[in-house]
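Taking it in order: structure first as structure tokens, then the write-up.
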There are 2 protein chains.
Amino acid sequence: MENHAKEYNVEEFERPSVTVDVILFTIKENKLKVLLIKRGAWPFEDMWAIPGGFISMDESLEHAAARELTEEAGIENVYLEQLYTFGDPKRDPRTRVITVAYFALVDSAKLKQSEKTDKEVTGSKWFPADTLPNLAFDHEKILKYAVRRLRYKLEYTAVGRELLPTDFTLTELQKVYEIILYKKLDKRNFRKKLASLDILKETNRYKRGHHRPAKLYSFRKNVELKSGFKSVQFEK
Amino acid sequence: MENHAKEYNVEEFERPSVTVDVILFTIKENKLKVLLIKRGAWPFEDMWAIPGGFISMDESLEHAAARELTEEAGIENVYLEQLYTFGDPKRDPRTRVITVAYFALVDSAKLKQSEKTDKEVTGSKWFPADTLPNLAFDHEKILKYAVRRLRYKLEYTAVGRELLPTDFTLTELQKVYEIILYKKLDKRNFRKKLASLDILKETNRYKRGHHRPAKLYSFRKNVELKSGFKSVQFEK
DNA sequence: GCAAAAGTGTTCAATGTACACCCATGC
DNA sequence: GCATGGGTGTACATTGAACACTTTTGC
């Protein structure tokens, strides 16, 4: 059939540009936050955008996403998951740009170091996921999609761990869920569920604060992010 | 920051080729089947592949997917959903090719017409999803991913409707679920669940066969594909 | 009248949800 | 000693799973 002949001459086809964009989430100040970057040039100059960039010809998509995170946020080894590919012909006024969006999760404690070194130098800033500035391109749509996916994932898997240090208290874990799902959870039910899932292990250390010390827990190794916290219906 | 300067000169970047591949599922002969196309040229000449092709510069990704379905399978207006984007640098020996995979569902009755006209002319063939030939490129991986997603979707949404004509019997619907989930379901529980979901409406027509006639049902309009049939755990 | 698919309810188990009090520490 | 967050169990409702017989038709 004719298509095969066409396929052979790969070079005949005009090629779009391909980027990766990475929505990086963290929790700070009891809020879900997203890292955005101020654009310095046309188009959408001075507007905020999701960090991203062009893929190299010899790197995988995931590698490109990880590289962007290092370059633009100075962080490494974070949870990274492909979200969706946005390819509307008019989404970038310069030329045809298809973007493969990823989302990433990082414990805010991990940010502290890099934050001090290149703070504001990069023109990047953390915004609360529920009060965003106007965004460049179709980035608002992408970001909203990412938030939906994050919520969904949180209910059905244990991705919450990616937003916490290795050791944490049960109350801290519950807060992660409450912040992202945007609703209060019942302490006893939450803990009962955790116990039944058998994904945590106690340490024998405690977090001491101003009140009664809280036992520290960590996730079991080899818990393949699964098993959920269904408490809201998301699809509509 | 330096990246913005780079971004401005979009043209400086080498561009990959971008294709869409579409995994088209249907149910025939009580099996889940997938449409594959025999390759006519290097690379992977004479091997079977998922239908797909290059995107045009002025069409959306979804449009490209729909167009491929029309060109390669002669069908239109089917359920189409973006699956995942595969971009390993070595997945195509010719050059860097990133493919945005979609999956599509079609009622086999809808195929009958086009089937007769261009059968075998296109070098395409329906394979049972569980007994595939060796596939070109990374298409086996893509296809397995599609099957997983289809199962998942079937449990949590009402996509099953896309594999049936507008009117169908409850037994036919149950068979769709059994074939895809690859397990027997209990007739009474299945019907009780359907009733509670309130997504079907009775017609006053019956399907007459060799035995007792079965009432025909259709899906309510505006049932946004949701609400599920959880009966197996999929993630692992 | 008999073979074959259509249709229909109840019981039990597991899971989810609501809810209130004592405990250990810092100050 | 008191304010504050840490920690724990029980009763009820909802959902899922197992299970068998009668009905209606074509032949």
Side-chain angles (χ1 to χ4, degrees), chain A residues 29-30 152 154-158 164 167-179 181-218 226-235, chain B residues 30 151-152 154-158 164 167-179 181-218 226-235:
Chain A
E29 299 143 21
N30 282 330
Y152 180 83
L154 196 73
E155 292 197 284
Y156 292 102
T157 71
L164 287 170
D167 290 7
F168 49 87
T169 68
L170 296 182
T171 302
E172 287 168 346
L173 183 58
Q174 185 176 340
K175 252 193 185 129
V176 167
Y177 277 80
E178 290 180 338
I179 289 167
L181 299 180
Y182 208 75
K183 69 179 295 200
K184 282 249 166 281
L185 300 177
D186 179 88
K187 181 161 53 161
R188 279 172 294 188
N189 292 340
F190 184 79
R191 290 169 185 226
K192 186 160 21 120
K193 184 68 199 255
L194 282 175
S196 81
L197 292 174
D198 193 38
I199 53 179
L200 299 183
K201 63 169 185 276
E202 294 187 357
T203 67
N204 47 16
R205 298 186 306 108
Y206 288 82
K207 174 162 189 167
R208 308 187 79 82
H210 293 283
H211 307 290
R212 175 174 175 178
K215 181 157 267 189
L216 287 165
Y217 290 78
S218 61
K226 79 161 201 175
S227 57
F229 279 89
K230 183 146 127 217
S231 51
V232 202
Q233 274 306 97
F234 276 99
E235 297 210 35
Chain B
N30 282 329
R151 288 199 173 128
Y152 181 83
L154 197 74
E155 293 196 284
Y156 291 102
T157 71
L164 287 171
D167 290 7
F168 51 86
T169 68
L170 297 182
T171 302
E172 288 167 346
L173 182 59
Q174 185 176 339
K175 253 193 186 130
V176 167
Y177 278 81
E178 291 180 337
I179 289 167
L181 299 180
Y182 208 75
K183 69 179 293 202
K184 282 250 165 278
L185 299 176
D186 179 88
K187 181 159 54 161
R188 280 172 293 189
N189 292 340
F190 184 79
R191 290 169 185 226
K192 186 157 23 115
K193 184 70 198 261
L194 281 174
S196 81
L197 293 174
D198 193 38
I199 53 178
L200 298 184
K201 63 169 185 276
E202 293 187 358
T203 67
N204 46 18
R205 297 187 306 109
Y206 288 82
K207 174 162 189 167
R208 309 187 77 83
H210 292 283
H211 307 291
R212 175 172 175 179
K215 181 156 267 191
L216 287 164
Y217 290 78
S218 61
K226 81 161 199 172
S227 56
F229 279 89
K230 183 147 127 215
S231 50
V232 202
Q233 275 306 95
F234 276 100
E235 296 209 35

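All chains are named by letter (A, B, ...) in the order of the sequence lines, taking the proteins before the strands, and each is independently numbered beginning at 1.
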Nearest-Å distance, CG (B/L173) to P (C/dA6)? 13 Å
Rounded to whole Å, please give me the gap between CD in A/E172 and P in D/dG7. 11 Å
Rounded distance (Å) that lies between atom C1' of C/dC23 and atom OH of A/Y206: 12 Å
Output yes when at least one side-chain N/O atom of B/K215 is less than 4.0 Å from OP1 or OP2 of C/dA6, else no. no
Between B/E202 (CD) and C/dT8 (C1'), how many Å, whole number? 13 Å
Got a sec, which residues hit side-chain hydrogen bond (donor to acceptor under 3.5 Å, both in side chains) with B/R208, two or more places apart in sequence or on another chain? none
Measure the distance from NZ on A/K184 to P on C/dG16 and round it to the nearest whole Å. 21 Å
Contacts of A/K201 meeting side-chain hydrogen bond (donor to acceptor under 3.5 Å, both in side chains) (sequence neighbours excluded), chain-then-number -> none
Can you find a pair of side-chain heavy atoms, one from A/K192 and one from A/N189, that are under 4.5 Å apart? yes
Looking for any heavy atom pair under 4.0 Å, which part of the strands does A/T169 touch: base, sugar-phosphate only, or nothing? nothing
Does B/T171 place a side-chain N or O at less than 4.0 Å from the phosphate oxygens OP1/OP2 of C/dA6? yes
Which parts of nucleotides 18-27 of chain D does protein reach within less than 4.0 Å, heavy atoms only, written one letter per nucleotide 5' to 3' as B for base, S for sugar-phosphate only and - for none? BBB--BBBSS
With sequence neighbours left out, write down each residue that passes side-chain hydrogen bond (donor to acceptor under 3.5 Å, both in side chains) with B/T171, or none if nothing qualifies. B/R191
State which residues pass salt bridge (charged side-chain N to carboxylate O under 4.0 Å, His left out) with B/R205; sequence neighbours excluded, sorted by chain then number. B/D167
I need the CZ-P distance between B/F190 and C/dG7, as an integer number of Å. 13 Å
Sorted by chain and residue number, the side-chain hydrogen bond (donor to acceptor under 3.5 Å, both in side chains) partners of A/R212 (sequence neighbours excluded) come out as none
Quick check: does any side chain N or O of A/E202 sit under 3.5 Å from a backbone N or O of A/K215, one acting as donor and the other as acceptor? no
Given atom CD of B/Q174 and atom C1' of C/dG7, what is their separation to the nearest angstrom? 12 Å
Between C1' of C/dG7 and CG of B/L216, the distance in whole Å: 15 Å
